[in-house]
Amino acid sequence: LQLALTLDKDPGEQFRWAPDTQTYGFDHVTGSLALRDLGPVETFVVGDFTAQFGQGIALWQGLRFGKGRDPIAPAQKRGRGIRPYRSASETNFFRGLAGTIGLPGGWVLTAFASRRHRDASVDSSFADAEGPLPVRTVSGSGRHRTPNELARKGTFGETTVGGALEYHRSTLQLGITGYRARFSRPLRPGNTPYRQFRVAGHSTSMLGAYGTAFLGDYTLFGELARSPRGTYGGLLGASMDGDYAEAIMVGRRYPYDFASFHGNAFGGGRRPQNELGVYTGLQLRLAPNWTLGTYVDQYRAPWLRFAVPRPTTGWEARGVLKYEPRPWLSSYLQARVRSEEVGTEYQRGGRRLEGLQREYRRSVRWHTEYSFSDALTVRTRVELSQHSTPQTDSQGFFLAQGLRWRPHPAITTDARIAVFDTDGFAARIYAYEHDLRYSFSAPVFFDRGRRSYLLIRYNPFSSLTLEAKYGVTRYDNRTKIGSGLNRVDGTRRREVRLQIHWTL
């Protein structure tokens with residue numbers, strides 16, 4: 001038996017009781033009651049939950065890690081089925097009932113039903129039409145501070161029914177999954193060309209089939225899904241795991257009119273749509289203490305994207321050389337290059353025309369980690385970035401010193417001090433930070449300044465975790481930070497976050 005309850009209030013939101021806007025003290029309340037391993041019932045959840053099946057083309061909610069230092073793992077997904085939802089994020093989850101039952105012969109059946117309201121922008125230009133006003137976009141920010149933001153809260157109702165049937169054997173896993181969703185308001189994404197093929201109408205659905213075959217050191221995997229328009233999108237991959245080498249190759253085809261409302265598959269975009277690509281990853285054990293990992297990803301967008309007036313192509317490559325001479329000492333050197341066509345404007349004969357230009361992003365990083373003891377670990381990182389187009393060239397620099405200290409078995413602290421200096425947003429650098437449980441933080445750094453944070457985790461009992469994080473960012477070349485409601489006058493932005501995690 002697992003009981004989960006998450007209460008969250010973003011900066012600027014009022015603490016109030018307003019059931020008409022689904023606000024009950026905290027702005028965001030999520031919770032669930034989960035039962036596990038009760039005879040044939042593997043999982044049963046009442047409340048909020050996520051569904052993850054196959055490679056994520058048809059149905060995948062929750063966090064998905066993209067391409068990273070590991071060239072193998074991110075390219076092959078392993079669906080976890082139904083899981084209780086505990087995150088403070090206000091999107092990408094269902095609310096209702098879900099269950100998974102084990103059947104004889106290696107079969108597993110999952111079914112779920114969900115009814116929840118999501119934030120959306122209502123299109124008032126259809127005020128004279130009959131029926132509910134349509135929705136232009138479904139919002140994922142989760143912020144409800146102003147009258148306009150509160151007006152978007154819970155305006156889009158979604159009722160979803162779906163499930164999956166899977167067959168599990170030691171060398172073979174097969175499955176089919178699907179869902180059908182009905183909306184309380186019609187979706188009308190508009191006439192802008194790049195939005196033309198998004199989900200539209202009063203309902204949507206998706207059906208997918210997936211499988212994984214384990215053939216000794218080799219693995220074959222893939223998924224094929226069908227959208228309501230009758231368009232098929234798919235992914236096919238193969239991997240090899242040897243004593244001294246690992247390799248993977250994945251091909252993906254997500255047509256421009258393949259609209260997956262709850263899909264989140266491997267690729268460069270947020271949704272599996274308007275993307276064709278081939279990814280190749282390789283990891284070599286050069287010596288007992290040396291590892292080399294590298295990948296190359298080539299892709300093409302056959303239709304328009306936001307602020308990009310034509311179909312485009314791109315590629316990305318990364319290499320990571322890792323050295324671990326001792327269990328308490330590790331270091332790696334990473335080089336990354338990305339080339340992509342982006343939209344631009346130029347003058348021709350006194351007219352302003354839209355076109356494409358090639359953009360390059362390059363970065364080099366050195367990171368080392370040293371454990372003095374079980375109680376103290378220090379980390380150092382240096383990163384250089386470069387962004388270039390035919391007209392501009394900008395550079396960036398980032399230096400960070402972090403540590404993890406455990407003065408007591410029940411207390412863990414993570415801290416970091418960083419300095420950054422870039423020629424603007426184009427040369428920005430992202431850096432992962434340790435954060436509260438069920439939270440993910442990778443802030444972006446640009447301009448010139450310093451960033452520091454302290455995270456303290458206290459476990460007085462195995463069932464109770466208390467966490468607090470304080471962070472501050474200082475800029476040397478600004479008199480204000482952010483814009484609109486996020487604007488802070490001055491040179492510093494502070495943040496304080498608290499969390500209590502209690503397992504019953």
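Computed over heavy atoms, backbone and side chain alike; hydrogens, waters and symmetry mates excluded. Residue indices begin at 1 and follow the sequence shown. Please read all numbers here as calculations on a predicted model, not as lab measurements.
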Minimum heavy-atom separation for Glu223 and Ala58, please, with both atom names.
OE2-N, 3.2 Å
Could you tell me whether the side chains of Thr160 and Arg180 share a donor-acceptor contact shorter than 3.5 Å?
no
Over all heavy atoms of both residues, which pair between Gly68 and Pro74 is shortest? Give the atoms and the distance, please.
N-CG, 4.4 Å
I'd like to know if the side chain of Arg428 and the backbone of Phe425 have a donor-acceptor N/O pair within less than 3.5 Å.
yes
Side-chain touch Leu224/Arg226, heavy atoms, less than 4.5 angstrom:
no
Report the C-alpha distance between Gln196 and Trp303 in whole Å, list the side-chain angles of each, state the deciding distance to 0.1 Å, and finish with yes or no for side chain to side chain contact (heavy atoms under 4.5 Å, CB included).
CA-CA 10 Å; Gln196 180 177 349; Trp303 186 247; 3.6 Å; yes
What about His262 and Tyr179, are their ring centers closer than 6.0 Å?
yes
Taking the side chain as everything from C-beta on, heavy atoms only, tell me whether Arg252 gets closer than 4.5 Å to Asp297.
yes
Could you tell me whether a side-chain N or O of Asp119 sits under 3.5 Å from a main-chain N or O of Gly154, the two making a donor and an acceptor?
yes
Residues forming a side-chain contact (heavy atoms from CB on, under 4.5 Å) with Arg229, sequence neighbours excluded:
Phe197, Ser227, Thr231, Asp257, Ala259
Any idea which heavy atoms bring Tyr453 and His434 closest together, and the distance?
OH-N, 3.3 Å
Could you please spell out the steps behind the side-chain hydrogen bond (donor to acceptor under 3.5 Å, both in side chains) verdict for Arg198 and Thr137?
CA-CA 10 Å; Arg198 295 189 178 182; Thr137 58; over 6 Å; no
Any side-chain heavy atom of Phe266 within less than 4.5 Å of one from Gln55?
no
Using atom types as modelled and distance alone, determine if a side-chain donor or acceptor of Thr389 lies under 3.5 Å from a backbone N or O of Thr392.
yes
Given the rule in the salt bridge (charged side-chain N to carboxylate O under 4.0 Å, His left out) test, do Arg338 and Glu340 qualify, once you have shown the distances and angles that lead to the verdict?
CA-CA 7 Å; Arg338 180 174 180 176; Glu340 190 174 44; 3.4 Å; yes
Taking all non-hydrogen atoms of both residues into account, name the closest pair between Thr177 and Gly163 and its distance.
OG1-O, 3.0 Å
Quick one: does Val250's side chain get under 4.5 Å of Leu235's, heavy atoms only?
yes
Using a 4.5 Å cut-off on heavy atoms from C-beta on, say whether the side chain of Arg451 contacts that of Arg474.
no
Passes side chain to side chain contact (heavy atoms under 4.5 Å, CB included), Leu187 versus Thr204? Steps please.
CA-CA 10 Å; Leu187 269 174; Thr204 188; over 6 Å; no
Begin with the C-alpha distance, continue with both residues' side-chain angles, and end with the deciding distance and a verdict on side chain to side chain contact (heavy atoms under 4.5 Å, CB included) for Arg362 and Arg336.
CA-CA 6 Å; Arg362 304 175 181 90; Arg336 181 184 181 186; over 6 Å; no
Any carboxylate oxygen within less than 4.0 angstrom of a Lys/Arg side-chain nitrogen, looking at Arg497 and Glu433?
no
I'd like to know if Glu158 pairs up with Arg115 as an ion pair, taking the criterion as any Lys NZ or Arg NE/NH1/NH2 lying under 4.0 Å from an Asp or Glu carboxylate oxygen.
no
For side chain to side chain contact (heavy atoms under 4.5 Å, CB included), just list the numbers for Ile248 and Tyr279, CA-CA rounded to whole Å, side-chain angles, deciding distance to a tenth of an Å, and then say yes or no.
CA-CA 8 Å; Ile248 192 167; Tyr279 174 94; 4.0 Å; yes
Any residue meeting side-chain contact (heavy atoms from CB on, under 4.5 Å) with Leu304, in chain and number order, not counting sequence neighbours:
Pro193, Tyr194, Pro311
I'd like to check Tyr210 versus Glu166 (side-chain heavy atoms, cut-off strictly below 4.5 Å). Are they in contact?
yes
May I ask you to test the Ile82-Thr110 pair for a side-chain heavy-atom distance under 4.5 Å?
yes
Sequence neighbours excluded, the answer for side-chain contact (heavy atoms from CB on, under 4.5 Å) partners of Val320 is Arg69, Arg318, Tyr332, Gln334
Between the main-chain N or O of Arg95 and the side-chain N or O of Asp48, is there a donor-acceptor pair closer than 3.5 Å?
no
Scan the side chains in residues 349-360 for donor-acceptor partners under 3.5 Å anywhere in the protein, sequence neighbours excluded, and list what turns up.
unit_1: Arg358; atom_1: NH1; unit_2: Ser339; atom_2: OG; d: 3.1
unit_1: Arg358; atom_1: NH2; unit_2: Thr313; atom_2: OG1; d: 3.4
unit_1: Glu359; atom_1: OE2; unit_2: His387; atom_2: NE2; d: 2.9

Any non-hydrogen side-chain atom of His367 less than 4.5 Å from a side-chain atom of Arg379?
yes
If I take atom CD from residue Gln395 and atom CD1 from residue Ile429, how far apart are they, to the nearest 0.5 angstrom?
11.0 Å
Answer yes when Lys469 and Glu467 have at least one side-chain N-carboxylate O distance shorter than 4.0 Å, and no when they do not.
no
Heavy atoms only: give me the nearest Ala265-Ile57 pair and the separation to one decimal.
CB-CG1, 3.7 Å
Any donor and acceptor pair, going by atom type alone, linking the side chain of Thr422 with main-chain N or O of Gly396 inside 3.5 Å?
no
Salt-bridge test for Asp421 and Arg450: reply yes if a basic N is under 4.0 Å from a carboxylate O, no otherwise.
no
The reported gap from CZ in Phe93 to OG in Ser114 (rounded to nearest 0.5 angstrom) is 8.5 Å
Mind checking the NE2-OG spacing from His28 to Ser89? Nearest 0.5 Å is all I need.
7.0 Å
Are the aromatic ring centres of Phe112 and Phe94 under 6.0 angstrom apart?
yes
Do the side chain of Thr155 and the main chain of Ala120 share a donor and acceptor less than 3.5 angstrom apart?
yes
Please tell me whether Gln61 and Asn264 have a donor and an acceptor in their side chains that are separated by less than 3.5 angstrom.
no
Can you tell me how far OG1 of Thr473 sits from CZ of Phe445, rounded to the nearest 0.5 angstrom?
6.0 Å
Going from CD on Glu275 to CZ on Arg305, what distance comes out if it is rounded to the nearest 0.5 angstrom?
9.0 Å
Taking the six-membered ring for Trp and the single ring otherwise, decide whether the centroids of Phe420 and Phe446 are under 6.0 Å apart.
no
Is it the case that atom CZ in Phe156 sees more than 12 heavy atoms from other parts of the structure closer than 6.0 Å?
yes
Among side-chain atoms of Ser385 and Arg361, is any donor-acceptor pair under 3.5 angstrom?
no
Could you check whether atom CG of Leu220 has more than 12 heavy atoms from other residues, nucleotides or ligands sitting under 6.0 Å from it?
yes
Could I get the full list of side-chain contact (heavy atoms from CB on, under 4.5 Å) partners for Asn477, not counting sequence neighbours?
Asp447, Arg448, Tyr475
Rounded at 0.5 Å granularity, tell me how far CZ in Arg116 sits from OG1 in Thr30.
8.5 Å
So which heavy atom on Ala442 is nearest to which on Tyr430, and how close?
O-CD2, 3.7 Å
Is it true that Glu90 and Asn92 share a donor-acceptor pair across their side chains at a distance under 3.5 Å?
no
Applying side-chain hydrogen bond (donor to acceptor under 3.5 Å, both in side chains), which residue pairs with at least one partner in residues 71-87 are found, sequence neighbours left out?
Gln2-Arg86
Do NZ/NE/NH1/NH2 and the carboxylate oxygens of Lys480 and Asp489 come within less than 4.0 Å?
no
Plane angle bin for Phe261 and Phe183 - parallel if under 30°, tilted between 30 and 60°, otherwise perpendicular
tilted
